[in-house]
J.: 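Let me give you the structure first, and then I'll get to my questions.
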Amino acid sequence: MSLLTERLPSSVEAAGEARAVDPDFRLMVELEAAAASAEGLVPEQLEALLRRFYRQEPPPGPEDAVEGMLWFYRCGREEQGGKGAATGPRAYDFGQDAEALYTSFLQAYRIDLSADAVHWWKFRRLMFGLPADTPFAQRLHYRTADTSGMGKEQRKHYGKMKRLYAIGAQSRRRETLAQRDARMQAYVERRFAEAERG
């Protein structure tokens, strides 16, 4: 999809029909933050997010509801599993980096994330397109920098900055998007089976 030629979606295909959704970035931030938390995404959170995500009733099949939300979360891209999937540590954490993100969006785009509604797909593209001099981009730079070719003093400085901006130890083991999707899908299948029995 090209942001230059097509409108950002405000619906997803689920259970064979287009269903209106809330496209604001806050729901997807909440989804990702919950999935990355120490407890993981608990069933009650997922159900609450689904109810808020779909503007009317969620699709009748929980699998369809979750798949529609995950498609939207992935910005319309296919599932990112298998070869080439990101498996390294995460470079950001919405909880820990909230202030840096807020400041960076205000600095670079004059977008007030506490007040402005921003479509999730737009938010993602802007987030990873922030200029290098913004607080969030600086954190990403230090967290992901390859120091192997640097001199001793520069490596020492980068090591200090990596420790300063390290994602907190309270965060759970980081999962790939495919692992998170599989965990959510397993939950949905379990709930669906319980609903059929009861």
J.: Measuring only between side-chain heavy atoms, which start at C-beta, is Thr134 closer than 4.5 Å to Thr103?
T.: no
J.: Just verifying a value: how many Å separate Arg125 CZ and His119 NE2, rounded to the nearest 0.5 Å?
T.: 9.5 Å
J.: Does Arg55 use its side chain to pair, donor to acceptor, with the backbone of Ala20 at less than 3.5 Å?
T.: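 Flag not set: sc Arg55 to bb Ala20 has no pair under 3.5 Å.
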J.: Looking only at atom types and distance, does a side-chain atom of Glu39 sit under 3.5 Å from a main-chain N or O of Ala34, one as donor and one as acceptor?
T.: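 Side chain of Glu39 to backbone of Ala34: no pair is present.
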J.: So, do Met28 and Met69 sit near enough that their side-chain heavy atoms are less than 4.5 Å apart?
T.: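 Result yes, sub-4.5 Å side-chain heavy-atom pair found.
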J.: If the plane angle is over 60° it's perpendicular, under 30° parallel, otherwise tilted; pick one for Tyr142 and Tyr165.
T.: parallel
J.: How long is the span from the CG atom in Asp64 to the CD atom in Glu17, to the nearest 0.5 Å?
T.: 10.0 Å
J.: If you define the side chain from C-beta out and look only at heavy atoms, does anything of Phe105 sit under 4.5 Å from Met127?
T.: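 A side-chain contact exists here, since the closest heavy-atom pair is under 4.5 Å.
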J.: Find out whether Arg19 and Ser11 are in side-chain contact, i.e. whether some heavy atom of one side chain is under 4.5 Å from a heavy atom of the other.
T.: no
J.: Using ring centroids (six-membered ring only for Trp), state whether Trp71 and Trp121 fall under 6.0 Å.
T.: yes
J.: Do Ile167 and Met161 share a hydrophobic cluster, counting only Ile, Leu, Val, Met, Phe, Trp and Tyr and linking them when any side-chain heavy atoms are less than 4.5 Å apart?
T.: no
J.: Look only at the side chain of Asp93 and the backbone of Gln96, and say whether a donor-acceptor pair between them is shorter than 3.5 Å.
T.: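 Looks like yes, one N/O pair under 3.5 Å.
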J.: As an exercise, state the distance from CG of Leu49 to OH of Tyr73, rounded to the nearest 0.5 Å.
T.: 12.0 Å
J.: Which heavy atom of Ala137 sits nearest a heavy atom of Ala132, and at what distance?
T.: CB-CA, 4.0 Å
J.: Using ring-ring contact (aromatic ring centres under 6.0 Å, His included) as the criterion, point out the one residue from Tyr158, Phe136, Tyr92 that pairs with His141.
T.: Tyr158
J.: Do Arg90 and Glu32 sit within salt-bridge range, that is, some charged N less than 4.0 Å from a carboxylate O?
T.: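 Looking at Arg90 and Glu32, the cut-off is met.
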J.: Just by distance, with hydrogens left out, do Asp22 and Tyr54 show a side-chain donor and acceptor under 3.5 Å apart?
T.: no
J.: Is Glu153 paired with Arg155 through a side-chain N to carboxylate O contact shorter than 4.0 Å?
T.: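 Result for this pair is no, no salt bridge flagged.
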J.: Please test Leu31 against Phe53 for side chain to side chain contact (heavy atoms under 4.5 Å, CB included), starting from the C-alpha separation and ending with a verdict.
T.: CA-CA 10 Å; Leu31 172 68; Phe53 177 65; over 6 Å; no
J.: Does any part of the side chain of Leu106, heavy atoms only, come nearer than 4.5 Å to the side chain of Ile111, both counted from C-beta?
T.: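 No, their side chains stay 4.5 Å or more apart.
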J.: Search all heavy atoms of Lys162 against all heavy atoms of Thr144 and return the closest pair with its distance.
T.: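 Smallest heavy-atom distance, with atoms named: NZ-C, 4.4 Å.
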J.: Flag the pair Glu67 / Val12 as yes when at least one side-chain heavy-atom distance between them is below 4.5 Å, and no otherwise.
T.: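 Not touching, per the 4.5 Å side-chain cut-off.
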J.: Would you name the heavy atoms of Pro135 and Gln107 that are closest together and state the gap between them?
T.: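 Closest pair (atom of Pro135, atom of Gln107, distance): CD-OE1, 3.6 Å.
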J.: Does Met150 offer a backbone N or O that forms a donor-acceptor pair with the side chain of Thr147 under 3.5 Å?
T.: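 Checked: no pair found.
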J.: Can you say whether the rings of Phe123 and Phe25 are parallel (under 30°), tilted (30 to 60°) or perpendicular (over 60°)?
T.: parallel
J.: Look up atom CD in Gln138 and atom CG in Asp133, then write down how far apart they are to the nearest 0.5 Å.
T.: 7.0 Å
J.: Determine whether Arg124 and Val118 make a side-chain contact, defined as any pair of heavy atoms from C-beta on separated by less than 4.5 Å.
T.: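 Heavy-atom side-chain distance check fails, nothing below 4.5 Å.
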J.: If the threshold is 4.0 Å, N to carboxylate O, is there a salt bridge linking Glu30 and Arg52?
T.: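 The answer is yes: the pair qualifies as a salt bridge.
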J.: Would one find more than 12 heavy atoms of other residues, nucleotides or ligands at under 6.0 Å from atom NZ of Lys122?
T.: no
J.: Is it the case that the side chain of Arg26 and the backbone of Leu113 share a donor-acceptor pair, with hydrogens and angles ignored and the cut-off at 3.5 Å?
T.: yes
J.: Take Leu126 and Tyr109, measure what side chain to side chain contact (heavy atoms under 4.5 Å, CB included) needs, and give me the verdict at the end.
T.: CA-CA 9 Å; Leu126 292 175; Tyr109 309 125; 3.6 Å; yes
J.: Within a strict 4.5 Å, meaning less than it, do heavy atoms of the Leu130 and Leu101 side chains meet?
T.: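 Yes, their side chains come closer than 4.5 Å.
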